[in-house]
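Remarks on the structure that follows.
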Amino acid sequence: MPSSDLAPVYRYHDGTKHHFHRFARSAGALDWASQPNPFRSFEAAPDVALYPRPDAPAIKDARTPLTAAPIGDVLRHSLGLSAWKQFRESRWSLRVNPSSGNLHPTEAYVVAGPLTVDGGARLSAERAAGVYHYAADRHALERRAAFDAAAWSGAVADPAIWLVALTSIHWREAWKYGERAFRYCQHDMGHAVAAVRIAAAMAGWRARILPDWSHRDIASLTGLDRDEDFVDAEREEPGTVLVVSREPVVVSRELLLAAVREGQWCGHANQLSDDHVQWTVIDEIAEATRDGGRSVSPSPPISPIPPISPIQLPNPPITQLPDRALVLQRRSAVSFDPRSSIDASSFFAMLSRVMPGDLPPWDALWWKARVHLALFVHRVNGITPGLYLLARDPAAVDRLKAACGRAFLWERASETLPLFLLAAGNCRPLAQRLSCDQDIAADGFFSLGMIADFDASLELFGPAFYRQLFWESGVIGQVLYLEAEAAGARGTGIGCFYDDPVHDVLGLTGHVFQSLYHFTIGMPVEDTRLTTEPGYAWETESTLRKQM
Ligand SMILES: Cc1cc2nc3c(=O)[nH]c(=O)nc-3n(C[C@H](O)[C@H](O)[C@H](O)COP(=O)(O)O)c2cc1C
């Protein structure tokens with residue numbers, strides 16, 4: 001029996017499962033009139049154009065003091081727009097980070113010392129530290145608060161560091177997906193954490209989650225708790241905060257929060273929809289999983305990333321990291337060629353990249369791997385098609401074996417990876433059926449379910465960790481997306497799957513392990529009816545040529 005504070009988590013989780021005979025509750029037909037605006041903005045908050053926008057203030061020195069350039073670089077390659085698509089009258093943007101239904105519930109805030117810029121720009125004169133909202137549509141920071149620069153230096157050991165706080169607007173996802181939307185917001189949060197960590201690494205920075213910050217602290221830091229700034233506007237739920245730094249660094253939560261509270265705040269959040277449906281179940285699970293903050297020791301190992309100037313090298317040759325072009329080209333496939341295949345070496349390379357370690361993005365997380373992969377292998381050259389299991393924490397193998405109540409083979413399928421063949425055979429129809437009958441789960445080279453160590457993780461870390469289990473799945477998904485692109489293929493996250501039928505296939509009972517997210521990788525078939533433009537008008541070739 002779960003402890004009583006976990007009961008709401010189990011109730012929500014079970015209540016939002018998709019069943020063969022019934023989907024989780026949602027509005028049914030979409031109310032297009034109330035479709036949420038994908039872009040939050042804060043009216044009356046001053047804008048700071050970000051590098052590499054051509055009108056961004058020129059960079060004086062790429063390292064010290066902190067300029068807005070590294071922030072622009074990291075945000076552009078993690079949460080910025082990557083394309084605009086058009087079909088007939090409809091035009092929509094896509095981002096570097098993926099999102100269930102392209103609804104993008106995740107908002108980002110930056111907290112930094114004075115953003116020193118060349119040429120007497122407004123902010124350099126004020127020498128103020130600030131709290132900023134990231135406006136992805138304009139690739140700009142909206143300054144929500146200005147606070148004492150000396151207080152910033154007092155709160156952080158190195159004033160050139162900066163923080164990224166991530167929040168969720170539940171309504172954006174709930175508009176389409178109803179009660180299951182909270183799960184998708186958490187997946188998206190995990191994707192965003194990984195995207196920020198990877199972009200920071202490409203720019204030579206570290207980024208890691210600060211577990212001691214409670215949700216209440218994050219709300220104060222970002223101004224989410226300022227009722228007067230959200231009149232009529234949809235509220236945001238605190239998610240997590242990451243510190244971005246060159247070297248491991250200590251941030252004094254108390255001092256920083258005190259300084260921010262004393263700051264001068266401005267701006268009012270825009271209203272995203274005229275009309276709303278109240279999904280009280282989402283409010284309840286958000287409340288039940290609020291994090292009071294935790295001290296985590298010992299701290300996870302920190303990867304030795306060589307310090308590289310963020311500006312001079314557009315694509316720093318850091319091994320094992322994607323480059324900027326790759327993160328910008330990441331896309332979800334909407335359909336796959338059902339005949340093409342991939343080599344075993346590429347398949348194993350992808351799997352080894354999702355194994356945890358002290359490299360980005362895994363070093364952003366403070367917990368040990370708790371999510372394993374059940375793989376449906378369809379067409380990998382040299383690999384027997386069938387059902388496989390990758391134990392991302394080898395120490396979990398015995399518990400996985402004990403939990404899977406079927407007579408599986410458990411044959412080692414790799415000398416180096418904890419990968420096991422459970423059963424050989426064509427599992428394309430099975431994979432498709434389990435992933436809400438979506439063809440992409442059958443037509444790729446392989447698809448998979450992410451199996452979380454559920455009961456034990458919640459017992460150990462408490463109800464707030466329900467969110468982290470999804471975040472870990474999102475991080476895995478982000479790595480798989482980029483690995484697929486690097487291999488000349490494409491991936492797609494799959495949030496729609498029939499929960500308990502997946503468990504039945506593995507013989508899992510109870511909640512010891514639960515499937516939280518699916519994914520598929522294959523050779524994409526492009527939709528040639530769509531036209532594509534770059535994420536920002538200033539990135540069109542003619543604009544770039546004019547600047548040269
Ligand atoms: C958590 C999550 C769940 C998703 N679920 C599905 C799904 O069930 N089926 C699907 O075709 N695409 C799914 N996607 C892909 C999104 O539709 C896609 O990310 C979004 O349309 C944006 O497109 P992009 O990834 O090309 O930027 C999912 C993506 C995420 C992040």
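Every side-chain contact (heavy atoms from CB on, under 4.5 Å) that Phe87 has, sequence neighbours left out, goes to Trp92, Arg529, Leu530. Partners of Glu287 under the side-chain contact (heavy atoms from CB on, under 4.5 Å) rule, at least two apart in sequence or in another chain, are Arg290. Partners of Tyr481 according to the ring pair (Phe, Tyr, Trp, His ring centres under 6.0 Å) rule, which considers only residues two or more places apart in sequence or in another chain, are His191, Phe519. Residues passing the ring pair (Phe, Tyr, Trp, His ring centres under 6.0 Å) test with His133, sequence neighbours excluded: Phe42, Tyr109. Shown here are the side-chain contact (heavy atoms from CB on, under 4.5 Å) partners of Arg261, two or more places apart in sequence or in another chain: Ser220, Leu257. Annotation: disulfide (SG to SG under 2.5 Å) contacts of Cys266 (sequence neighbours excluded): none. By the side-chain contact (heavy atoms from CB on, under 4.5 Å) test, Gln86 pairs with Arg91, Thr531, Glu533, sequence neighbours left out. Scored by the ring pair (Phe, Tyr, Trp, His ring centres under 6.0 Å) test, Phe497 finds His518 as partners (sequence neighbours excluded).
Counting heavy atoms from C-beta outward, Glu234 and Ser273 have side chains that approach closer than 4.5 Å.
Residue pairs meeting the ring-ring contact (aromatic ring centres under 6.0 Å, His included) criterion with at least one partner in residues 237-287, sequence neighbours excluded, are Trp171-His276. Residue pairs satisfying the salt bridge (charged side-chain N to carboxylate O under 4.0 Å, His left out) criterion with at least one member in residues 164-180, sequence neighbours excluded, are listed as follows: Arg25-Glu179, Glu107-Arg172, Arg180-Asp499. Annotation: salt bridge (charged side-chain N to carboxylate O under 4.0 Å, His left out) contacts involving residues 131-140, sequence neighbours excluded, comprise Asp47-Arg138, Arg138-Glu142. Here salt bridge (charged side-chain N to carboxylate O under 4.0 Å, His left out) pairs that include residues 221-231, with residues two or more places apart or in two chains, are Arg144-Asp229, Arg226-Glu228, Arg226-Asp229, Asp227-Arg235.
Side-chain contact check for His104 and Asn102: at least one donor-acceptor pair (N or O, by modelled atom type) lies under 3.5 Å.
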